[in-house]
K.L.:
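Next up is a structure, given as structure tokens.
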Number of protein chains: 2
Amino acid sequence: MINDLRNKLAEKGLKVTPQRLAIYGAIVKLNTHPNADKIIESIRKEHPNIATGTVYKVLDTLVENGLIKKVKTEKDVMRYDPMVESHHHLYCTSTDRIEDYIDKDLNNFLREYFQKKEIPNFNIEDIKLHIHGKFIDKN
Amino acid sequence: MINDLRNKLAEKGLKVTPQRLAIYGAIVKLNTHPNADKIIESIRKEHPNIATGTVYKVLDTLVENGLIKKVKTEKDVMRYDPMVESHHHLYCTSTDRIEDYIDKDLNNFLREYFQKKEIPNFNIEDIKLHIHGKFIDKN
DNA sequence: TCTTAAAGGAGAATAAATCTTATTTAAGAT
DNA sequence: ATCTTAAATAAGATTTATTCTCCTTTAAGA
């Protein structure tokens, strides 16, 4: 997983640095679509003097190179997702919990639906569902 | 339209103030899912000394009372939508343009789809599609 | 090992949004 | 019509997430 990242960075001509590995590793390990703050908090345990600016810059670099994705929220903080394959999100309406929702059948349906029913003057590149509601298990 | 707002504010026990009417009016008139800045810019023509804090507070009040909605973006600025009925959005991937997408057939399909195929441990309240792509008319 | 462009560290700067406090006002009561 | 008062606004300081600047360090190829 971290080795995947090594390879992908190298492929793109980007340097493989401990900071980049740590940041990516933290996002994967946390597995909560963390924001920059949570990532920094997690990384500082092992890597006490990583600069916040570095974290933001690395996050941007990873997003630009398609190695992670930004997740939109109602709040004014960005969150980050290590899964780059197209998928959807479940948003809790009472906490800030966000979970992945993967549904191939739905994706197939949507592809066909919008092949038939074109949207005037608009060229679709990607569709993401934001599914809002409440998790009903142990929070 | 502004009169609707008067009534809805009154119903909720909120005062009908010129600021609230102006802010709501600006969002409707601009019709671009504007951010707070654009709203302020538009309002100051008529209402030169409205405070920015007031605008943010009014926006919050309107959102809390279901009179407008927040629109999520990739950027770290909130935008606002005067249409409160459930609908979807088209997001331009090269500009910050956002348009409404209304599709009853799709909504019906989604309702049925998720009635059959429940999401484990999750209670759906609302589903919004974020449709990313490019507008192909005159920008 | 050397070279160098790319990346990181530190902390200042910016921008959106929030908060504080004093003042004003909408709207019901008198 | 005026009075009263809780709610709302103005002004501007503050906070918070993010970006920027500049100098130092380092990854990776020569």
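As the structure is a computational prediction, the values presented were derived from the model and not from experiment. So you know, we letter chains A, B, ... as the sequences are listed, proteins then strands, and number each from 1.
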K.L.:
Between D:dT19 atom P and A:Ile40 atom CD1, what is the distance in whole Å?
P.N.:
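So the CD1-P distance, A:Ile40 to D:dT19, works out to 12 Å.
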
K.L.:
Mind calculating the distance between CG (A:Leu21) and C1' (C:dA7) to the nearest angstrom?
P.N.:
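Distance, rounded to whole Å: 13 Å.
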
K.L.:
Can you tell me the Watson-Crick or wobble partner of D:dA30, both distances under 3.5 angstrom?
P.N.:
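For D:dA30, the partner nucleotide comes out as C:dT1, under the 3.5 Å rule.
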
K.L.:
Looking at B:Thr17, I'd like to know whether one of its side-chain N or O atoms comes within less than 4.0 Å of OP1 or OP2 on D:dT9.
P.N.:
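The answer is yes; a side-chain N or O of B:Thr17 sits under 4.0 Å from OP1 or OP2.
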
K.L.:
Is the shortest side-chain N/O distance from B:Gln19 to OP1 or OP2 of D:dA10 below 4.0 Å?
P.N.:
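So the side-chain polar atoms of B:Gln19 do come within 4.0 Å of the phosphate oxygens OP1 or OP2 of D:dA10, strictly under.
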
K.L.:
Under 3.5 Å, is there a donor-acceptor pair linking the side chains of B:His130 and A:Lys72?
P.N.:
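Side-chain D/A pair, B:His130 to A:Lys72: present.
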
K.L.:
For the side chain of A:Met78, starting at C-beta, report the closest nucleotide among D:dT18, C:dA17, C:dA27.
P.N.:
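From the listed options, D:dT18 comes nearest.
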
K.L.:
Can A:Asp96 and A:Thr73 be counted as having a side-chain donor-acceptor contact under 3.5 angstrom?
P.N.:
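Checked: A:Asp96/A:Thr73 side chains show no N/O donor-acceptor pair below 3.5 Å.
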
K.L.:
Would B:Phe109 and B:Leu129 show up in the same hydrophobic cluster when neighbours are defined by side-chain heavy atoms closer than 4.5 Å?
P.N.:
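Yes, same cluster.
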
K.L.:
Can you measure A:Leu9 atom CG to C:dA5 atom C1' for me and round it to whole angstrom units?
P.N.:
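After rounding, the gap between these two atoms is 17 Å.
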
K.L.:
Side-chain N or O of B:Tyr56 versus OP1/OP2 of C:dT18: is the shortest distance under 4.0 Å?
P.N.:
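Answer no for this pair, as no side-chain N or O of B:Tyr56 is under 4.0 Å from OP1 or OP2.
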
K.L.:
Between C:dA16, C:dA10, C:dA27, which one does the side chain of B:Lys15 approach most closely?
P.N.:
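Taking heavy atoms from C-beta onward, the closest nucleotide is C:dA27.
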
K.L.:
Pick base, sugar-phosphate or nothing for B:Asn35, based on heavy-atom distances below 4.0 Å to the nucleic acid.
P.N.:
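Nothing, no nucleic acid heavy atom in range.
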
K.L.:
Here's a test of your reading of the structure: between B:Val16 and B:Asp37, which maps to the more 5' nucleotide of DNA chain C?
P.N.:
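The answer here is B:Asp37.
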
K.L.:
Rounded off to whole Å, could you give me the CG-to-P distance for the B:Leu62 and D:dT9 pair?
P.N.:
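These atoms are roughly 10 Å apart.
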
K.L.:
How many Å lie between CZ on B:Arg20 and P on D:dA10, as a whole number?
P.N.:
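That distance rounds to 11 Å.
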
K.L.:
Relative to the 5' end of DNA chain D, which residue comes earlier, B:Thr52 or B:Val58, by the nucleotide with the nearest heavy atom?
P.N.:
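The residue closer to the strand's 5' end, by nearest nucleotide, is B:Val58.
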
K.L.:
So B:Pro18, base contact, sugar-phosphate only, or nothing? Heavy-atom distance under 4.0 Å.
P.N.:
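Answer is sugar-phosphate: B:Pro18 comes under 4.0 Å of backbone atoms only.
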
K.L.:
Which heavy atom of A:His89 sits nearest a heavy atom of A:Asp100, and at what distance?
P.N.:
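Smallest heavy-atom distance, with atoms named: NE2-OD1, 3.2 Å.
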
K.L.:
Please work out if B:Thr54 contacts a base, only the sugar-phosphate, or nothing of the nucleic acid, heavy-atom cut-off 4.0 Å.
P.N.:
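Counting heavy atoms under 4.0 Å across all strands, the contact made by B:Thr54 includes a base.
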
K.L.:
Would B:Thr93 and B:Lys134 count as having a side-chain donor-acceptor pair, cut-off 3.5 Å?
P.N.:
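B:Thr93 vs B:Lys134: donor-acceptor pair found between side chains.
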
K.L.:
Using whole Å, report how far NZ of B:Lys38 lies from P of C:dA16.
P.N.:
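In whole Å, C:dA16 P and B:Lys38 NZ are 10 Å from each other.
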
